[in-house]
Q: 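Let me begin by handing over the structure; questions about it come next.
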Amino acid sequence: MEGAAVDRRSDAPAVNAPMLNLRDITKRFGATQALEGVSLTLRAGRVHALLGENGAGKSTLIKIMTGVHQPDHGEMLLAGRPLRLASAAEAQRHGIAAIYQEPLLFPDLNVAENIFISHQDRGAVTNWRQMFRRAEEILASLGVALDVRSPARGLTLAAQQSVEIAKAISLNVRVLIMDEPTASLSSHEVAQLFKLVRDLREKDVAILFVSHRMEEVFEIADDVTVFRDGRLISTRPRAEVTPQRAIADMVGREMGLLQPRSPAKLGEKLLSVRGLGRDGAFEDVSFDLRRGEVLGFAGLIGAGRTDVGLALFGIEPATSGQIVLDGRAVTIRSPRQAMALGIAYSSEDRRQLGLSLPMSIATNITLPVLSRYLNWLGLVRTGMERATAEAFRRRLAIRTPSVDIAVSKLSGGNQQKVMLSKWLNTHPALLILDEPTRGIDVGAKAEVHAIIGELAAEGIGIIMISSDLPEVLAMSDRVLVMREGRQMAVLDRDGADQESVMAAAMGQSTARQPSGAEA
Amino acid sequence: MTWLRRRIRPEQIREFSLLLLIVVAVLIFGSAIDNYYTSRTFNRIASSVMIITVVAVGQTLVVLTRNIDLSVGSIVGCTAYVAGVRIAADNGLPAIVPVLIAVALGAAMGAINGVLVAWGRVPSIIVTLGTLAIFRGLLVDYSGARTVTTDSLPPWLVDLPRLDLFTLAGLHVKVMVALALAIVIAFQLATSYLTFARQFYALGSNPDAADLIGLPTRRIVLTAFVLSGALSGLAGFMTLARFGNITVEAGRGLELEVVAAAVVGGVNIFGGSGTVIGAMLGGVMIGTLEQSLLRLQINEFWRDAVMGLLILLAVASDAVILKRLRALWARADLEMIARSAPRTGEAP
Ligand SMILES: Nc1ncnc2c1ncn2[C@@H]1O[C@H](COP(=O)(O)OP(=O)(O)OP(=O)(O)O)[C@@H](O)[C@H]1O
Ligand SMILES: [Mg+2]
């Protein structure tokens with residue numbers, strides 16, 4: 001009731017008719033009140049951004065709009081008509097499609113078929129040739145190069161997300177919902193995506209957009225709604241909000257934006273990598289890392305940054321090159337061996353490589369260093385375990401009724417915080433963080449950055465792989481830029497800025513030309 | 001070379017390598033057994049393989065959806081017996097009637113499995129382990145331990161297994177073998193091109209995602225089990241024609257051979273990947289080994305051991321070979337993308 005009234009004075013003319021109306025939506029999961037009396041209006045031809053801390057209820061609202069969850073209370077109207085959804089298929093028949101926070105691909109199907117799997121107009125018989133061609137076109141319009149004939153198994157998270165985006169934009173929809181579609185994309189792919197979003201807006205599609213990256217929200221949104229603790233705090237046209245204002249609404253207090261880390265004192269050389277490569281993934285990567293140093297990895301989708309991390313942690317061992325750790329030449333063939341050498345790796349893919357979803361928060365956090373939590377009988381000291389988990393819960397504001405709850409019950413960002421806690425707690429010699437703040441809200445992000453700074457100050461060598469360029473620039477002592485499996489440049493703190501990194505990542509011969517021509 | 005790699009996927013090479021393995025096996029047996037390369041050997045292998053293959057096609061559909069159908073042997077037994085009793089009672093019935101009876105009864109039995117798995121949410125291995133015993137029990141009860149005998153059947157049915165469709169270079173291609181082949185081809189095409197059948201792969205590949213994007217998951221599972229039942233029914237009729245004598249033991253143990261055929265043929269037991277042609281080749285491999293080891297007069301227990309070894313080898317080599325191939329392919333892709341780099345670079 002309130003929500004509909006608030007956005008009365010939008011700056012666009014009256015052509016923006018309400019497309020999807022939510023009225024007084026309430027949803028409970030057991031003890032958790034996920035949504036309480038939320039009213040929201042999506043209008044044709046407008047991009048509506050939804051902001052809120054982790055666990056504020058954004059994804060839950062989206063799943064109600066697509067029929068995955070049923071609201072306990074409240075109603076929905078589509079173009080003025082009451083709407084009841086029993087399943088996602090029904091929502092799609094009404095022209096409502098969503099990109100969910102966690103990619104939902106079919107690993108055995110090829111990329112093209114993943115894009116078209118739920119298309120109603122695919123016809124009863126598949127024309128493979130045409131499907132491959134159309135898939136290639138759609139991906140090209142996103143600026144992503146993927147082999148549409150290869151199975152989706154083993155795609156990096158960013159590639160998976162691109163496929164999800166391709167799937168949704170290729171549908172003929174009236175309402176398009178995107179739950180953190182950009183969380184693991186770099187600015188190049190984000191720019192492409194936004195171009196497509198603007199096209200859809202021209203075609204009078206109503207769009208809901210969720211992201212924790214403020215600069216994106218303020219670039220694309222027409223309206224901004226902020227959630228806190230399952231309640232709608234405000235809905236305003238973008239012109240009437242500032243990032244500071246929105247963040248204050250989100251967290252309920254004033255908060256600073258991204259702060260550059262003050263660099264730690266660098267210790268002796270910890271890691272030296274020469275000519276590292278893995279067949280079919282990356283080649284000829286060479287760099288040094290000193291104790292207390294943060295080395296950022298930047299690059300576009302498919303640049304092979306994650307593959308380097310997987311090789312250093314032994315998940316997909318390298319096939320060529322040398323690794324010298326602490327002055328000793330080592331070959332790393334398994335994660336077990338890597339952990340014994342004092343290496344920790346926090347994966348970008350929390351669902352597949354990061355967390356045991358049915359297990360509790362506390363057991364997930366202590367799992368890699370469980371031996372520290374055993375008593376003299378070899379039994380787990382659950383009190384100590386819980387104390388550690390509670391400490392991280394407070395520090396990173398993990399939103400949960402208790403640390404004994406299964407991780408699968410948490411919101412995406414809160415799952416990410418649990419995984420991060422797990423690896424931060426190991427205190428390794430070398431810490432590899434792959435998209436550490438993916439899907440984490442601004443408040444907690446600052447906390448994560450502070451912890452990373454502390455760990456570096458303790459003398460831990462840190463490799464930080466991130467698609468969030470401002471984050472990489474703020475945190476790193478040096479930045480290694482990759483492109484299509486090759487190392488393009490290693491820039492030091494003074495030489496690394498938005499332009500030089502992007503130029504290297506796009507393969508333009510770089511850095512030397514002060515401000516290279518924008519492509 | 002890169003062009004070839006773009007057209008052919010590692011998954012397809014698997015079927016090709018199985019074909020090669022069969023050829024190697026035939027060459028080895030040919031040198032060890034006198035008079036091996038005769039149309040008699042061919043016919044023996046073909047008629048033992050055809051029944052396994054028809055059932056394996058249905059099993060493949062079920063396994064693709066991340067389920068398993070262990071009741072197929074019992075369905076073959078029931079349908080063979082019921083169709084046999086019916087035609088024995090009235091030899092003048094048109095040929096299509098016993099076929100229809102067997103297929104319809106098989107489909108109905110498959111539907112029971114399907115409903116219990118899809119709506120009852122009971123794991124398929126439990127459901128079909130149960131119906132395996134129940135269907136067999138019903139058969140024993142219904143038949144009163146009597147048997148259908150060859151002399152009670154009409155002559156056309158008794159002669160059917162020996163009926164040639166055509167003769168090619170001394171090889172007599174039987175009508176029933178051709179029928180099995182036609183079914184393989186039809187289902188291979190259907191699973192490659194029909195949108196509904198593609199959803200079988202999707203469901204087996206990621207059931208949670210299938211639910212969330214709104215695929216009709218229950219209908220898919222039901223369809224797979226009904227088709228498996230119907231094809232087992234057809235195999236029941238073929239069993240009746242081939243043996244003539246049908247006891248309550250008919251089709252017992254067939255489920256293991258069928259699952260083995262599918263697995264050896266590269267159908268992933270955890271769902272989502274594999275082909276109908278692969279399952280057929282798996283059946284041919286098993287049939288060839290079985291018949292040839294029989295000719296070599298190798299002890300039955302050793303024969304089973306060899307089969308078991310083959311299955312383990314198939315599954316293990318599958319994982320290793322596929323991984324290698326994928327790495328090779330990935331490198332080709334990387335090269336291709338690198339070469340097209342200028343184009344993607346200036347995309348904005
Ligand atoms: N299936 C579920 N069972 C129990 N609780 C749930 C379930 N799904 C969500 N919740 C709870 O509901 C609340 C809202 O979660 P939701 O996923 O909507 O948050 P969100 O705003 O999307 O957060 P994020 O930014 O981290 O993605 C959280 O406290 C979460 O723990
Ligand atoms: Mg969410």
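Chain naming here is simple, since letters A, B, ... match the order of the sequence lines and numbering starts at 1 in each.
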Q: Cation-pi check for Phe116(A) against Arg134(A): NZ or CZ below 6.0 Å from the six-membered ring centre and within 45 degrees of the axis, yes or no?
A: no
Q: For Glu113(A) and Lys167(A): C-alpha separation, side-chain torsions, deciding distance, then whether salt bridge (Lys or Arg N to Asp or Glu O under 4.0 Å) applies.
A: CA-CA 10 Å; Glu113(A) 193 162 27; Lys167(A) 182 153 85 177; over 6 Å; no
Q: Heavy-atom distances under 4.5 Å only: say whether Ala190(B) touches chain A with side chain, backbone, both or neither.
A: neither
Q: If you tally heavy-atom pairs under 4.5 Å against chain A, which of Pro216(B), Ala197(B), Gly214(B) wins?
A: Gly214(B)
Q: Considering only heavy atoms from C-beta outward, does the side chain of Asp307(A) approach that of Glu316(A) to under 4.5 Å?
A: no
Q: Scan Val148(A), Leu104(A), Leu109(A) and name whichever one has a side chain to side chain contact (heavy atoms under 4.5 Å, CB included) with Asn114(A).
A: Leu109(A)
Q: Is chain B contacted by the side chain of Ala124(A), its backbone, both, or neither, given a heavy-atom distance below 4.5 Å?
A: backbone
Q: Contact part of Leu300(A) toward chain B, heavy-atom cut-off under 4.5 Å: side chain, backbone, both or neither?
A: neither
Q: Sort Tyr100(A) into side chain, backbone, both or neither according to what part of it lies under 4.5 angstrom from a heavy atom of chain B.
A: side chain
Q: Examine whether an atom of Glu90(A) lies under 4.5 Å from a heavy atom of chain B, and if so say whether it belongs to the side chain, the backbone or both; otherwise answer neither.
A: neither
Q: Check this for me: does any side-chain nitrogen of one of Arg153(A) and Asp108(A) sit under 4.0 Å from a carboxylate oxygen of the other?
A: yes
